[in-house]
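Numbered from 1 within each chain, the chains take letters A, B, ... in sequence-line order. Quick caveat, the model's predicted, so the values are computed rather than measured.
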There are 2 protein chains.
Amino acid sequence: MSLRHAILVLLQDQEASGYDLAREFANSIGLVWNATHQQIYLELGKLNEQHMVSFRHVPQEGKPDKKLYSITEDGRQELIRWLKKPAGPARIRDAFMVKVAGGQLADSGALLGELEQLSKQRRERLATFEALAQRLDEQGREENLYSYLTVRRGILDQRAWLQWAEEVRQALEHASVGLPTS
Amino acid sequence: MSLRHAILVLLQDQEASGYDLAREFANSIGLVWNATHQQIYLELGKLNEQHMVSFRHVPQEGKPDKKLYSITEDGRQELIRWLKKPAGPARIRDAFMVKVAGGQLADSGALLGELEQLSKQRRERLATFEALAQRLDEQGREENLYSYLTVRRGILDQRAWLQWAEEVRQALEHASVGLPTS
DNA sequence: GCGCGCTGCGCAATCCGTTGTATAAGCACT
DNA sequence: AGTGCTTATACAACGGATTGCGCAGCGCGC
């Protein structure tokens, strides 16, 4: 259970609403830990009850009011405590990979189409991360060291995936030559 | 929910016991989809009720009896149906990455130690995958195409991680020069 | 004028997944 | 003789995660 810790890490830099956090989970941190808005709102509620975060109401015009959360001293202590003990093993659930593994039964054309679509998403993400890395570098890499390293992980991950996708594309195009396209 | 589909993919090649599957989930497929033995036994039970797998009792001496499961025609149909529809997004839970992102509060020394340990595991995995890839290649890459591509994904993933780890190591060693080790 | 998408919050039900416990036999080490 | 690992299966309890639903107003395009 370290969704709470991921939230605390994000709140360390700046106060944020549940909605803000949900967006960050969909982008940057999403590469490493994902969560939906329902999960985040629930966890923020629990963290508040346990005095690890506090919030202030911010009325807005044209938009719904929001709650801006910030980390408390208790929250910071909990984060430090958690950082000290070894992290649990990384877990993944990649349905597309399962499909590739079972590819004999699949339609190569459909698989290639899906691969193209995912590649497009990965290329976009790569561009975003590269821009972000450059920005952090210009601002001073030392001050943003941990953010910079996290983004680097994202970049290397996207590149590795895209390289693999290229291998798959070539292999499947070869394999589907002369086969029915259906 | 595609633990069931991962199981069906594995059973496509050969019949296996719950224990066999658990081992495969801990190794090869574990890179892509992980599951514990309890989860697997439970899912096998459900798959059996829904006539997607069948099993035969195999009495053993010196060891407990086992149930060897194989995929049925219904199971194969379900797999094909699932392969046709687009895969859900990949999900990850990497607690160590969360720790790096929140690294300002952490002890660099401890983080470096954990990094070393994880690197060792990754290097071992890389060696296993490289050996497996070579074996598949010698047996004929065409016949084992989908297994080969899955293993390639594993190799590229480990290499990318190790490259990143090297960057982190250098950055943290720089950063911790002159700082208190506590 | 109508639908769609974005911003923003939240509840409820159900399903998935983890953790703990249990049984049972052989083998290796101390 | 005791401890712990491996093979092999399984139940029960709890907590985490997904899915479905609901409210609410603004802006954009057709």
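- Rounded to an integer number of Å, the gap from CG of Leu47(B) to C1' of dA10(D) is 16 Å.
- Environment of CD in Glu167(A): crowded, with over 12 heavy atoms of neighbouring residues, nucleotides or ligands closer than 6.0 Å.
- Between Trp161(B) and Phe96(B), the ring planes are tilted. Angles from 30° to 60° get that label.
- Between Gly18(B) and Glu43(A), the residue anchored nearer the 5' end of DNA chain D, judged by the nucleotide with its closest heavy atom, is Gly18(B).
- Checking dT19(D), dA10(D), dG17(C) against the side-chain heavy atoms of Thr36(A) singles out dT19(D) as nearest.
- One interatomic measurement links the two molecules: CG of Leu68(A) to P of dT7(C), which rounds to 15 Å at whole-angstrom precision.
- In this structure, the CG atom of Leu21(B) is 16 Å from the C1' atom of dA10(D), given to the nearest Å.
- For Tyr41(B) and dA10(D), the shortest distance from a side-chain N or O to OP1 or OP2 is not below 4.0 Å.
- Within the structure, a side-chain polar atom (N or O) of Gln39(B) is placed less than 4.0 Å from OP1 or OP2 of dT18(C).
- Side-chain contact check for Asp20(B) and Ser17(B): at least one donor-acceptor pair (N or O, by modelled atom type) lies under 3.5 Å.
- The shortest distance between the side-chain N/O atoms of Lys63(A) and the OP1/OP2 oxygens of dA24(D) is not below 4.0 Å.
- Counting heavy-atom neighbours within 6.0 Å of Gln117(A) CD, excluding the residue itself, gives a total of 12 or less.
- Contact between the side-chain N/O atoms of Arg93(B) and the OP1/OP2 oxygens of dG17(C) is not found at any separation under 4.0 Å.
- For Lys66(B) and dA25(C), the NZ to C1' distance is 15 Å, given to the nearest whole Å.
- dT19(D) atom P lies 15 Å from atom CD1 of Ile40(A), rounded to whole Å.
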For this session: Could you check Glu173(A) against Arg169(A) for salt bridge (Lys or Arg N to Asp or Glu O under 4.0 Å), going step by step and ending with a plain yes or no?
Result: CA-CA 6 Å; Glu173(A) 276 176 2; Arg169(A) 203 182 54 74; 3.1 Å; yes

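- Going from atom OH of Tyr19(A) over to atom P of dG10(C) covers 15 Å, rounded to whole Å.
- Ranking dG10(C), dA8(D), dT7(C) by closeness to the His37(A) side chain, first place goes to dG10(C).
- Using a 4.0 Å heavy-atom cutoff across all strands shown, Arg91(B) reaches sugar-phosphate atoms only and no base atom.
- Distances were taken from every side-chain heavy atom of Arg23(B) (C-beta onward) to each of dT19(C), dC9(C), dA8(D); the shortest belongs to dA8(D).
- When the side-chain nitrogen and oxygen atoms of Lys46(A) are compared with OP1 and OP2 of dG16(D), one or more of them lie within a distance under 4.0 Å.
- Residue Gln38(B) has its side chain nearest to dC11(D) when only dC11(D), dG8(C), dT9(D) are considered.
- Between the side chains of Gln170(B) and Glu166(B), a donor-acceptor pair is found at a separation under 3.5 Å.
- Of the candidates dC9(C), dA8(D), dA17(D), the closest approach to any side-chain atom of Asp20(B) belongs to dA8(D).
- Here the C1' atom of nucleotide dC9(C) and the CG atom of Leu42(A) are 13 Å apart, to the nearest Å.
- One can place CG of Leu3(B) at 10 Å from P of dT18(C), the figure rounded to the nearest angstrom.
- If you check dT19(C), dG8(C), dG10(C) against the side chain of Gln60(A), the one that comes closest is dG8(C).
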